[in-house]
Asker: 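Quick one: the structure is below, and I'll ask about it shortly.
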Amino acid sequence: MNSLNGVMVVGLTGQTGAGKSTVSKVFASNGFAVIDADQVARKIVEKGTKCLDEIADLFGQSVINEDGTLNRKGLAGIVFSDKSKLEALNTITYPYITGEILRQIRVHSLKGEKLILLDAPTLFESRADDFCEIIISVLADEDIRKKRIISRDSLTSEQASKRMNSQLDEDFFRSHSDYIIHNNGCMDTVNGIAWEVSGKIRELFNNKQIPKAQ
C-alpha cells in the first residue's frame with residue numbers, strides 16, 4: 001500500500017437520478033482524477049470474467065446473452081424486484097468492484113495524481129467509503145429524480161420507483177456525509193457549489209502536504 005502514500009480519496013455518491021455526473025465534471029475540471037465506479041462495475045462483468053461466471057451460476061443462463069455478455073435488463077428485472085436477490089448480486093460483485101477501485105487508485109498514485117474523486121452510486125453498500133477521507137452526497141427531490149431516471153434509462157414509472165426504493169434513504173446520506181449538494185435543476189447553482197467544495201477540499205489536501213515546522 002506504499003503507493004497510496006499522500007493520496008486523498010474523496011467519495012462522491014447520492015441518490016439515483018440526483019445528478020452526480022454534473023458534480024463529478026466540476027471536480028475533474030478542478031484537477032481531480034476521477035474513478036467512475038459505474039465503469040468499474042461494467043468492467044468486472046465483461047464477457048469471460050470470473051465475476052460474470054459467478055452471476056450466471058447464481059441467476060441462471062437467462063441473464064447471459066447469446067454472445068456471452070451480461071443481459072443487463074434481464075438481471076435488473078430480477079434484482080430490483082427482490083431485495084434478497086439484489087443483496088446476493090452485491091455479495092458477488094462488490095469484492096471485484098473494490099479490488100478494481102483499489103487498483104485504479106494505485107495507478108493514479110503512481111502517476112502522481114494524488115487527489116482522487118471516487119464517483120460511486122453504491123459507495124456505502126460496497127464499503128468503498130472505507131477508502132475515502134471525505135464523502136460528498138448529491139441529493140434531489142424525489143419527483144425530479146424519478147423523471148430523470150425514466151428519461152435516462154428508458155424505464156416505466158414502476159421500474160423507476162423500484163430502483164429508487166432499492167437505495168438508501170436521504171437521512172442515511174445526510175448522516176454519513178461531510179458535504180451535501182442539492183441538484184434540483186439549477187445548473188449554475190450546482191456548478192458553483194461543486195466548484196466551491198472542490199476548492200475547499202483541494203486546499204485541505206495542499207495544507208496536509210506541507211511539512212509541519214519542527
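When reading the values below, keep in mind they use all heavy atoms of this one structure, side chains included, and skip hydrogens, waters and symmetry mates.
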Asker: Distance from Ser154 atom OG to Ile149 atom CD1, nearest 0.5 Å?
Answerer: 12.5 Å
Asker: On a heavy-atom basis, which atom in Val190 and which in His182 lie closest, and how many Å separate them?
Answerer: CG2-O, 3.4 Å
Asker: Output yes when a side-chain donor or acceptor of Asn71 lies under 3.5 Å from a complementary backbone atom of Gly74, and no otherwise.
Answerer: yes
Asker: Output all residues satisfying side-chain contact (heavy atoms from CB on, under 4.5 Å) with Asp143, sequence neighbours left out; order by chain, then residue number.
Answerer: Asp141
Asker: Applying the 4.5 Å side-chain criterion to the ILVMFWY set and letting contacts propagate, would Phe173 and Met164 be lumped into a single cluster?
Answerer: no
Asker: Tell me every residue that passes side-chain contact (heavy atoms from CB on, under 4.5 Å) with Ala76, counting only those two or more places apart in sequence or in another chain.
Answerer: Phe80, Arg163
Asker: Is there a side-chain contact between Ile134 and Leu204 in this structure, where contact means two heavy atoms from C-beta onward sitting under 4.5 Å apart?
Answerer: yes
Asker: Step by step, work out the side chain to side chain contact (heavy atoms under 4.5 Å, CB included) result for Gln15 and Val138.
Answerer: CA-CA 7 Å; Gln15 301 162 308; Val138 184; over 6 Å; no
Asker: Can you see which heavy atom on Leu118 is nearest to which on Ala128, and at what distance?
Answerer: CD2-CB, 4.0 Å
Asker: Is there side-chain contact between Tyr179 and Ile193, with heavy atoms separated by less than 4.5 Å?
Answerer: no
Asker: Who else is in Met187's hydrophobic cluster (ILVMFWY, side-chain heavy atoms under 4.5 Å, direct or via others)?
Answerer: none
Asker: Is the shortest heavy-atom distance from the side chain of Thr13 to the side chain of Ile136 under 4.5 Å?
Answerer: no
Asker: Please confirm whether the backbone N or O of Ala194 pairs with a side-chain atom of Ser198, one donor and one acceptor, at under 3.5 Å?
Answerer: yes
Asker: Sorted by first residue and then second, give each salt bridge (charged side-chain N to carboxylate O under 4.0 Å, His left out) pair with at least one member in residues 81-96; sequence neighbours left out.
Answerer: none
Asker: For the residue pair Ser157 and Ile150, what are the closest heavy atoms and their distance?
Answerer: CA-CD1, 3.9 Å
Asker: Could you tell me if the side chain of Val10 sits less than 4.5 Å from the side chain of Cys132, heavy atoms only?
Answerer: no
Asker: With sequence neighbours left out, write down each residue that passes salt bridge (Lys or Arg N to Asp or Glu O under 4.0 Å) with Lys146, or none if nothing qualifies.
Answerer: none
Asker: Could you grab the distance from atom CZ of Arg148 to atom OG of Ser151, nearest 0.5 Å is fine?
Answerer: 10.5 Å
Asker: Sort and list the pairs that fulfil side chain to side chain donor-acceptor pair (under 3.5 Å) and have at least one residue in residues 46-58, not counting sequence neighbours.
Answerer: Glu54-Tyr96
Asker: Scan for side chain to side chain donor-acceptor pair (under 3.5 Å) pairs involving residues 32-42, sequence neighbours excluded, and state none if there are none.
Answerer: none
Asker: Does any non-hydrogen side-chain atom of Asn191 lie less than 4.5 Å from one of Thr22?
Answerer: yes
Asker: Does Val107 share a hydrophobic cluster with Leu102, counting links as ILVMFWY side-chain heavy atoms below 4.5 Å and allowing steps through other members?
Answerer: no
Asker: Starting at CZ of Arg152, measure out to OG of Ser21 and round the result to the nearest 0.5 Å.
Answerer: 8.0 Å
Asker: Mind checking the CG-OG1 spacing from Leu52 to Thr93? Nearest 0.5 Å is all I need.
Answerer: 11.5 Å
Asker: Run the side chain to side chain contact (heavy atoms under 4.5 Å, CB included) test on Phe59 and Ile64 for me, step by step, so that the C-alpha distance in whole Å, both residues' side-chain angles and the decisive distance to 0.1 Å come before the verdict.
Answerer: CA-CA 9 Å; Phe59 294 100; Ile64 305 298; over 6 Å; no
Asker: Working to the nearest 0.5 angstrom, can you tell me the gap between Phe32 CZ and Ile116 CD1?
Answerer: 10.5 Å
Asker: Kindly state each residue pair satisfying salt bridge (charged side-chain N to carboxylate O under 4.0 Å, His left out) with at least one member in residues 126-135, sequence neighbours excluded.
Answerer: Arg127-Asp130, Glu133-Lys208
Asker: Does Asn183 reach the main-chain N or O of Ala18 with its side chain, forming a donor-acceptor pair under 3.5 Å?
Answerer: yes
Asker: With side chains defined as the heavy atoms from C-beta onward, is the minimum distance between Val7 and Glu113 less than 4.5 Å?
Answerer: no
Asker: Test your reading of the model: is there a side-chain donor-acceptor pair from Arg145 to the backbone of Gly17, 3.5 Å cut-off?
Answerer: no
Asker: Is Thr156 reaching over with its side chain to a backbone N or O of Gln159, donor-acceptor style, under 3.5 angstrom?
Answerer: yes
Asker: What residues form a side-chain contact (heavy atoms from CB on, under 4.5 Å) with Glu196, not counting sequence neighbours?
Answerer: Lys200
Asker: Using atom types as modelled and distance alone, determine if a side-chain donor or acceptor of Ser137 lies under 3.5 Å from a backbone N or O of Ile180.
Answerer: no
Asker: Got Phe27 and Val197 here, is their nearest side-chain heavy-atom distance under 4.5 Å?
Answerer: yes
Asker: Looking at residues at least two apart in the chain, or sitting in another chain, which of them share a salt bridge (Lys or Arg N to Asp or Glu O under 4.0 Å) with Arg103?
Answerer: Glu100
Asker: Identify the two heavy atoms, one from Leu123 and one from Ser126, that lie closest to each other, and give their separation to 0.1 Å.
Answerer: O-OG, 3.4 Å
Asker: Are any of the side-chain heavy atoms of Ile181 and Leu139 separated by less than 4.5 Å?
Answerer: no
Asker: Under a single-linkage rule joining Ile, Leu, Val, Met, Phe, Trp and Tyr whose side-chain heavy atoms are separated by less than 4.5 Å, which residues share a cluster with Val26?
Answerer: Trp195
Asker: Check whether any side-chain N or O of Asp178 sits under 3.5 Å from a backbone N or O of Ile135 as a donor-acceptor pair, and report yes or no.
Answerer: yes
Asker: Tell me if a side-chain donor or acceptor on Asn65 pairs with a main-chain N or O of Asp67 at a distance below 3.5 Å.
Answerer: no
Asker: Working to the nearest 0.5 Å, report the span between NZ of Lys162 and CG of Leu155.
Answerer: 11.0 Å
Asker: Identify, with sequence neighbours excluded, every residue that meets salt bridge (Lys or Arg N to Asp or Glu O under 4.0 Å) alongside Arg72.
Answerer: none
Asker: Test your reading of the model: is there a side-chain donor-acceptor pair from Ser24 to the backbone of Lys20, 3.5 Å cut-off?
Answerer: no
Asker: If two hydrophobic side chains count as joined below 4.5 Å and joins carry through other members, does Val23 share a cluster with Ile144?
Answerer: no
Asker: Which pair of heavy atoms, one from Asp169 and one from Phe172, lies closest together, and at what distance?
Answerer: OD1-N, 2.9 Å
Asker: Quick one: closest heavy-atom pair of Gly6 and Lys114, and the distance?
Answerer: O-CB, 3.4 Å
